[in-house]
Amino acid sequence: MPRVRKRPAGAARPDKEGPAGKRTNTEKPGEASAKVGNSSLQETSASRDRGKNLSSCWLMKSEPESRLEKGVDVKFSIEDLRAQPKQTACWDGVRNYQARNFLRAMKLQEEAFFYHSNCREPGIAGLMKIVKEAYPDHTQFEKNNPHYDPSSKEDNPKWSMVDVQFVRMMKRFIPLAELKTHHQAHRATGGPLKNMALFTRQRLSVQPLTRGKNGSRLLITCHSDREFTCTSW
DNA sequence: GCCAACGTTGGC
DNA sequence: GCCAACGTTGGC
């Protein structure tokens, strides 16, 4: 039930502050900005990449426009993240098991695309990175929080969250329509976005993207120079 | 364990 | 605001 807006696929939504408010910040961001090599968006499983010792890349959805859920505004845009102290916030509210498991698989410094959903212009707005690995989502225990889960016990929390830090905006906003166009073309050609979870697992709010391998044609690449380019279309 | 009812997600 | 997709619930 909850939606998380920082939503999970059933997931989570961050709340803004809210009563339960949340979004606290945490930890210090690292220093390095990381680099992440190139990450292509695709579908492969994170665990597979991890087995290869490659860091994963993720896509996380949040709603950038105001919407009340149980009286609480669940709006949380990338600009809201950037405005947080240390540009860091916890990604709470995910209440879908699959999305939660992806949160638990995230490692420090891995990058995630910040996706704006349920809004006038859905698409990828920017990049953030994981600055604290999974820990219990406190909002599950807060009765006034839209994502309160009375079935979860303090000594055995069901839901997890991570802390994320703003990295940068996309050099150019990548609209859902554009991603969809490529996804459809790739379904026919076997291209890299043919199984992109954004389209194949429609309601999943936290999803893995496949990291490109050297020499492969990447769909979307995050370069260490912080540029964002589309190289294969 | 099946599956219909129901609730949520999220594009349009 | 509509509604298709799809996850969850709960009776049986």
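Just so we're on the same page: letters track the sequence lines, and every chain starts at 1.
- Distance CE (A/Met196) to C1' (B/dG11): 15 Å, rounded to an integer number of Å.
- With sequence neighbours excluded, the residues satisfying ring pair (Phe, Tyr, Trp, His ring centres under 6.0 Å) with A/Phe199 are A/His183.
- For A/Lys180, the side-chain hydrogen bond (donor to acceptor under 3.5 Å, both in side chains) criterion is met by no residue, not counting sequence neighbours.
- For the pair A/His116 NE2 and B/dG10 P, the computed distance is 14 Å after rounding to whole Å.
- Closest to the side chain of A/Lys180, out of C/dT8, B/dG10, B/dC12, is B/dC12.
- Of the candidates C/dA5, C/dT8, B/dG11, the closest approach to any side-chain atom of A/Leu176 belongs to B/dG11.
- The aromatic ring centres of A/Tyr135 and A/Trp159 sit 6.0 Å or more apart.
- C/dT8 atom P lies 11 Å from atom CG of A/Leu204, rounded to whole Å.
- Separating the NZ atom of A/Lys61 from the C1' atom of B/dG10 is a distance of 7 Å, rounded to the nearest angstrom.
- Atom CD of A/Gln207 and atom P of B/dT9 are 15 Å apart (whole Å).
- In this structure, A/Lys75 atom NZ and B/dG10 atom C1' are separated by 18 Å, rounded to whole Å.
- Between the P atom of B/dT9 and the OH atom of A/Tyr115 lies a distance of 15 Å, rounded to the nearest Å.
- Distance NE2 (A/His147) to C1' (B/dT9): 12 Å, rounded to an integer number of Å.
- Under 3.5 Å, the side chains of A/Asp73 and A/Ser66 contain a donor-acceptor pair of N or O atoms.
- Taking only side-chain nitrogens and oxygens, A/Arg201 never comes nearer than 4.0 Å to OP1 or OP2 of C/dA5.
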